[in-house]
Student: 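This is the structure I want to talk about, given as structure tokens.
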Protein chains: 2
Amino acid sequence: MIDEAQMQLFRLQAEICKTMADYKRLMILHELREGEMSVGQLVSNLDLPQANVSQHLSILRERGIVTARREGTSVYYSLANHKIGQACDLVQEVLADQLARNQALANSLGERK
Amino acid sequence: MIDEAQMQLFRLQAEICKTMADYKRLMILHELREGEMSVGQLVSNLDLPQANVSQHLSILRERGIVTARREGTSVYYSLANHKIGQACDLVQEVLADQLARNQALANSLGERK
DNA sequence: TATTAATATACTAATATGCTAATATTATAA
DNA sequence: TTATAATATTAGCATATTAGTATATTAATA
């Protein structure tokens, strides 16, 4: 019957999912899995506008998914929790399964005489 | 430098995350992890309006996260992929880590003289 | 065939999200 | 202190998402 406290947990869980529910942020997380990286590096690796990268980093920061460290004028970001990367991997596996299923479907279509 | 094909994969990955980025859908998935369940059962377990549950189920269905099976006038839903549940678990662990960190922070605040 | 039960869909208003362009902040260096 | 580099923030707009209400569909039964 789900009580109010548990609902609140689901809300928080949804917040984390929302944070990962944007392809640009997923690309940023992907980059950060290689290790800490400055905003400028992200901008040039991902070829996105600086302001846009900052906005996404700010969202990731607010929700505790990444941490920031300043060094001179540069700010270096890293993943706050290794499990974030693992969660991304799992979602990618789900996606791979879906694509494989579609592939199989397409093949069986092709085989029809 | 991320090519177009990889970007497309990140977009699809984001779609899956979006699907899990709503607390009502997370509650539905939570229920379905127990096993297949009809719309009516979900409605009564979650205490949500029927139309709203149907809408969320339709989103989950479209994105291949759940599957539906009709039996008479009832429709039974189940998780399409066990890994979805595992991904939810991981996100919950991330959340638990975050809450634990906040808890520790709160404690250290309380300990200050 | 008319009725009822279970589920799905269409429409709409409210809210949230993401993007661009411009501007502000922070830290270093001249 | 002025200038510059790196990053962050803000405003405004377009689009997307959500929830409620009403209605439609589907299947079983009288």
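All chains are named by letter (A, B, ...) in the order of the sequence lines, taking the proteins before the strands, and each is independently numbered beginning at 1. Small disclaimer: the values here were computed from a predicted structure and weren't measured. Heavy atoms only: backbone and side chains are in, while hydrogens, waters and symmetry mates are out.
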Student: To the nearest Å, give me how far apart OH (B:Tyr23) and C1' (C:dA16) are.
Tutor: 15 Å
Student: Going by heavy atoms closer than 4.0 Å, what residues in residues 3-12 of chain A are next to DNA chain C?
Tutor: none
Student: Shortest non-hydrogen contact from B:Met7 to B:Ile2?
Tutor: CG-CG2, 3.9 Å
Student: Do you know the tightest heavy-atom contact between A:Val43 and A:Gln50?
Tutor: CG2-CA, 3.7 Å
Student: Looking only at non-hydrogen atoms, find the nearest pair between B:Ala21 and A:Lys18 and report the distance.
Tutor: O-CE, 3.4 Å
Student: Which residues in residues 13-22 of chain B have a heavy atom closer than 4.0 Å to any atom of DNA chain C?
Tutor: none
Student: With a cut-off of 6.0 Å (strictly less than), are more than 12 heavy atoms of other residues, nucleotides or ligands near CG of A:Asp3?
Tutor: yes
Student: Nearest whole Å is fine: how far is D:dA8 C1' from A:Ile28 CD1?
Tutor: 14 Å
Student: Are B:Leu48 and B:His56 close enough that some pair of their side-chain heavy atoms sits under 4.5 Å apart?
Tutor: no
Student: Calculate the interatomic distance between B:Arg25 atom CZ and D:dA19 atom C1'; express it in whole Å.
Tutor: 12 Å
Student: Within this structure, what is the CG-to-P distance between A:Asp47 and C:dC19, rounded to whole angstrom?
Tutor: 14 Å
Student: Using modelled atom types only, decide if a donor and an acceptor are shared between the side chain of B:Gln98 and the backbone of A:Arg63 within a distance under 3.5 Å.
Tutor: yes
Student: Roughly, in whole Å, what's the span from CD in B:Glu71 to C1' in D:dA28?
Tutor: 13 Å
Student: Using nucleotides 7-9 of chain C, report all nitrogen or oxygen pairs with the protein that are shorter than 3.5 Å.
Tutor:
unit_1 : atom_1 : unit_2  : atom_2 : d
C:dT7  : OP1    : B:Val39 : N      : 3.4
C:dT7  : OP1    : B:Val75 : N      : 3.3
C:dT7  : OP2    : B:Gly40 : N      : 2.7
C:dA8  : OP1    : B:Tyr77 : OH     : 2.5
C:dA8  : OP2    : B:Ser54 : OG     : 2.8
C:dA8  : N7     : B:Gln50 : NE2    : 2.9
C:dA8  : N6     : B:Gln50 : OE1    : 3.4

Student: Rounded off to whole Å, could you give me the CZ-to-P distance for the B:Arg63 and D:dA16 pair?
Tutor: 12 Å
Student: Once you round it to whole Å, what is the distance between C1' of C:dA6 and CE of B:Met37?
Tutor: 16 Å
Student: Which pair of heavy atoms, one from B:Val91 and one from A:Cys17, lies closest together, and at what distance?
Tutor: CG1-SG, 4.1 Å
Student: Show the nearest heavy-atom pair for residues A:Gly85 and A:Arg33, with the distance to one decimal.
Tutor: O-NH1, 3.2 Å
Student: Kindly say if A:His56 contacts the phosphate of C:dC19, meaning a side-chain N or O under 4.0 Å from OP1 or OP2.
Tutor: yes
Student: So, A:Arg25 side chain and A:Thr19 main chain: donor-acceptor pair closer than 3.5 Å or not?
Tutor: yes
Student: For the pair B:Gln55 and B:Asn52, evaluate side-chain hydrogen bond (donor to acceptor under 3.5 Å, both in side chains) and give the outcome as yes or no after the intermediate values.
Tutor: CA-CA 5 Å; B:Gln55 286 167 339; B:Asn52 197 217; 3.2 Å; yes
Student: Show the numbers, then the answer: is there a side-chain contact (heavy atoms from CB on, under 4.5 Å) between A:Cys88 and B:Gln13?
Tutor: CA-CA 8 Å; A:Cys88 287; B:Gln13 190 181 341; 3.7 Å; yes
